[in-house]
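Report on one structure; see the data block that follows.
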Amino acid sequence: MLRLEGLSKVYGTGDRALTDVSFTVEPGQVVGLIGPSGAGKSTLIRCINRLVEPSAGKISLGDLDITQLSRGGLRQARRRIGMIFQEYALVERLTVMENVLSGRLGYVGFWRSFFRKFPPESVENAYRLLDRVGLSAHVNKRADALSGGQRQRVGIARALEQDPDLLLIDEPTASLDPKTSRQIMRLIIEICDERGLPAIINIHDVALAQQFVQRIIGLQGGKVVFDGSPDELDADVLTRIYGEEDWSATIRKVDEDAEGTEDSAEEIAAALDRERLAGLT
Amino acid sequence: MAPVMTDTSSEQVTSGPVWRKRTTKQELALWLGWLVLAAFFIFCWQIMTKTTIWAFVYDAPRQALDIGSRMVPPRWEYLPNLLEPLWDTIAIATLGTLLALFMAVPVAFLAARNTTPSTRFIRPVALLIIVSSRSINSLIWALLLVAIIGPGVMAGIVAIAFRSIGFVAKLLYEAIEEIDATQVEAVSATGASKAQIMDYAVVPQILPAFAGITVFRWDINIRESTVLGLVGAGGLGLRLQESLNVLAWPQVTIIFILILITVLVSEWVSAKVRHAII
Amino acid sequence: MTTATAPAFPTTWSRPPFIKRAWLRWTLYLGALLYMVLAVGSVEVNWMRVWEGLDRGLRFIQGFLLPDFTSRWEDILIGMEESLTMAVTSTVAGVAISVPIGIGAARNIAPLPVYAVCRAIIALSRSFQEIIIAILFVAMFGFGPFAGFLTLSFATIGFLAKLLAEDIEDIDESQAEAVRATGAGWWQIVTYAIQPQVMPRLIGLSLYRLDINFRESAVIGIVGAGGVGATLNTAMDRYEYDSAAAILILIILIVMAAEYSSGYVRKWLQ
């Protein structure tokens, strides 16, 4: 369980990114974080593993107070928090396997990681995860040889290799086409379900958020202005988050998606895709 | 939105008439610039040629012909004497480059904005090391080192190394500053230690640049190490100096030919290796 | 987790080697190792001499901390004057000659015979160190900065003409095409289509070369081609390390100043 209490962040430049943000994420719950650019979504999830140092407030994961940790303690805490990035953030010149194994860096010593001699169970798990995300055929490829969707799958595998208690996901689909976006979102949700893994997903695509997550938090100007189920998102709420605009198109689109007609077609497409990828040796 | 609009429109309004004015103004400035440059050139020329003995200059074509006629035919039987100095020259360049790498890599990390421990104190020191090393030619370094540690290959190696530190460190720290920060962020988010972040996120990103810079510098160092012997730091230059001292021009020719071939081969090797890396 | 039904996965993994063919990989590794051993082995070091030299090294470092600008100030001034004027005149002359040669060495606008001649000049200029050229010019033109001026001008040609030729070969062909389509002659193509495209880089490169020429001017004095190098050589011969340090510090300062100001000029030009 993740709990944020009165989290605030003021950057050195004086910009207020977050003001008094408080909420709790229950075990197994996937939360979508929406809001306009500059609302502080990215800062918020980076505060949770302290890639960005919070200015005030308290973050606790289970009964661990992350904000009070020393550097060593922080490293230990980060091992439990998997992170998936917008531009995949794979180390492009390393192989797919090295990228996935880098999820274990917090658990092995420097020399072991330097010689790429990870414990057998880590390697086995990495193979299993790559199989799970459909990349068995690409283990020894360099990360920059993969397509966008494949890279994000590697990013997911890397986060899972950490065997995390929490996933932080920053705009996982922003660099992907609509179809791949859905495949990636579905994969993330499936995996969270399989493992009962709580997750916070930053997402700018409201329709995609509504389709996949159980709970939505709306951020505006660094403050929480909405916290509820996807069904409660209406024109009024969207105006509160994003400002005045004609929201009917967005909402109607959501309704169509909810019908699920297109869904099954996509399932087939995804399966085909996976098969095609498997054939690519 | 509104202020931006007025900004551009006002710029458009004023830039209409000003633009024409500018061309004439610009043209004038251009001519003035050329004039100043020409005057400056003549001024410098006069200072420079203050001590020139023009009789020697007029005599130069005859001298050139004279030297040219003495240089041929090359004395081929001198070639075996050059093999050991050639080996030394290559050793100076290679070992000097390696020695430089050992010193340049830490300096580069201290100089790069994103890896330096302190922008205020350590970075300027690293930059000073870089500029000092770059400003002083390897031949001058050799001059100093021959005086300090005595003539020989060792002085050449250290001279090449000192000159190369600045070159390698400058290009390398620029490469370090250009790395993708999100890759570093991603690896640190897994709970990796500082050393592991270096190994997994920073080094893979700069390795191609590093290899390219190394080979490039090695190629330059081969060139430079051919002449270090002129001041006593070993290699082919040593034989060149000896031959020049006794005005043995046919030997000088053969040394020139050998230097030319060495330089061309090293350039070819360096181009091949760089191609293979990228 | 779903381990029960999943197939067994490998428990070891090693990074695929950079060079795939094993024999080639090992040959290269062993060859490199063998060369290193032989090269290091061939370096003869007279440790006694090095030990004695440490004292001088120390004095040199002292010289750097307490440089002596005054006692050789006259010589330093004359040397610096020569170095700076040599750098300026040789850069101007070198650039002036490089432009036609650079145009001649660009395959896309020069006829083949001209191209071959210009490329040959460039190759000749680039293959030899400045110091070797300086030796020859000193032998022909006598000691002094004039030989240095010629040396640096010659070296400038190899550097600038090559880069200029590459720039011209890289230009946007469509612009030249457009000018050519209007029925323009060769000269008009050069001035209207090529000059505007390569001019900014040419200025930047000339400034960079000015910087290099100054640094080189400090070296060629060692073989008698004028400049501060001669002063430095004398100071070293007389073991006046504090004067030598003063000269080196001046060189470093001038190079730093040149680098900063050329950075400004380049920014201003853009």
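Below, chain A is the first sequence line, B the second, and so on; all start at residue 1. Heavy-atom basis, side chains included; hydrogens, waters and symmetry copies ignored.
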Under 4.5 Å to a heavy atom of chain B? For C:Leu38 that would be both
_Can you confirm whether C:Phe64 is buried at CZ, in the sense that more than 12 heavy atoms of other residues, nucleotides or ligands lie under 6.0 Å from that atom?_
yes
If one checks every heavy atom of B:Ser132 against chain C at 4.5 Å, the contacting part turns out to be both
Turns out that what part of C:Phe60 lies under 4.5 Å from chain B's heavy atoms comes down to side chain
Assert top hit (heavy-atom pairs under 4.5 Å, partner chain B, pool C:Gly144, C:Pro145, C:Gly142) equals C:Pro145
Honestly, the part of C:Glu130 sitting under 4.5 Å from a heavy atom of chain B is neither
When the 4.5 angstrom heavy-atom criterion is applied to C:Asn233 and chain B, the contacting part is both
When the 4.5 angstrom heavy-atom criterion is applied to C:Phe137 and chain B, the contacting part is neither
Most heavy-atom pairs under 4.5 Å with chain C, out of B:Ile67, B:Asp66, B:Leu144, belong to B:Leu144
- Message: So does C:Gln129 get a backbone contact from the side chain of B:Arg223, meaning a donor-acceptor N/O pair under 3.5 Å?
- Response: no
Honestly, the part of B:Trp141 sitting under 4.5 Å from a heavy atom of chain C is neither
Practice prompt. Compute whether any side-chain donor of one residue and acceptor of the other, for C:Ser42 and B:Trp87, lie under 3.5 angstrom apart.
Written response: yes
Bottom line for B:Val231: the part with an atom under 4.5 Å from chain C's heavy atoms is side chain
Value for OG1 (C:Thr85) from CZ (B:Phe40), rounded to nearest 0.5 Å, stands at 9.0 Å
Minimal heavy-atom distance between C:Ala93 and B:Phe41, with the atoms involved, is N-CE1, 4.4 Å
Whatever's closer than 4.5 Å to a heavy atom in chain B on C:Met236 counts as side chain
When the 4.5 angstrom heavy-atom criterion is applied to B:Leu98 and chain C, the contacting part is side chain
Atom CZ of C:Phe143: over 12 foreign heavy atoms under 6.0 Å:
no
When the 4.5 angstrom heavy-atom criterion is applied to B:Val263 and chain C, the contacting part is side chain
One should read off an interatomic distance between B:Met48 CE and C:Ser83 OG, to the nearest 0.5 angstrom, of 11.5 Å
Taking the side chain as every heavy atom from C-beta outward, state whether C:Phe146 and B:Trp54 have any pair of such atoms under 4.5 Å apart.
-> yes
message: Determine whether B:Lys50 and C:Glu82 satisfy the following criterion, salt bridge (Lys or Arg N to Asp or Glu O under 4.0 Å), listing intermediate values before the conclusion.
response: CA-CA 10 Å; B:Lys50 239 178 358 195; C:Glu82 280 181 4; over 6 Å; no
Bottom line for B:Leu143: the part with an atom under 4.5 Å from chain C's heavy atoms is both
Between B:Trp249 and C:Ala139 the two heavy atoms that sit nearest each other are CH2-CB, 4.3 Å
query = Would you say the side chain of B:Trp45 lies within less than 4.5 Å of the side chain of C:Phe149, judging by non-hydrogen atoms?
reply = yes
### Query
Around atom CZ of B:Phe216, are there more than 12 heavy atoms of other residues, nucleotides or ligands at under 6.0 Å?
no
One should read off an interatomic distance between B:Ile259 CD1 and C:Ile132 CD1, to the nearest 0.5 angstrom, of 3.5 Å
Correct closest heavy-atom pair for B:Ile140 and C:Ala218 would be CD1-O, 3.7 Å
Of C:Asp211, C:Leu248, C:Asn46, the largest count of non-hydrogen pairs under 4.5 angstrom with chain B goes to C:Leu248
If you tally heavy-atom pairs under 4.5 Å between each of C:Ile251, C:Leu136, C:Leu84 and chain B, the highest tally belongs to C:Leu136
* Asked: Sub-3.5 Å donor-acceptor pair from the side chain of C:Arg49 to the main-chain atoms of B:Pro151, do we have one?
  -> no
OG of B:Ser133 to CD1 of C:Ile252, rounded to nearest 0.5 Å, is 9.5 Å
Discussion item. Can you confirm whether more than 12 heavy atoms, excluding those of B:Glu84, are under 6.0 Å from its CD atom?
Written reply: no
Cut-off 4.5 Å, heavy atoms of chain C, and the answer for B:Ile90 is both
When the 4.5 angstrom heavy-atom criterion is applied to B:Tyr58 and chain C, the contacting part is neither
Applying a strict 4.5 Å limit to non-hydrogen atoms, the region of B:Ser138 in contact with chain C is neither
The reported gap from CD1 in B:Ile148 to CD1 in C:Ile61 (rounded to nearest 0.5 angstrom) is 7.5 Å
Taken to the nearest 0.5 Å, the spacing of C:Met36 CE from B:Thr94 OG1 works out to 8.0 Å
Under 4.5 Å to a heavy atom of chain C? For B:Glu267 that would be side chain
Pair count under 4.5 Å, heavy atoms only, with chain C: among B:Asn137, B:Val153, B:Ile157, B:Leu230, highest is B:Asn137
Between the main-chain N or O of B:Arg134 and the side-chain N or O of C:Arg215, is there a donor-acceptor pair closer than 3.5 Å?
-> yes
Whatever's closer than 4.5 Å to a heavy atom in chain B on C:Arg126 counts as both
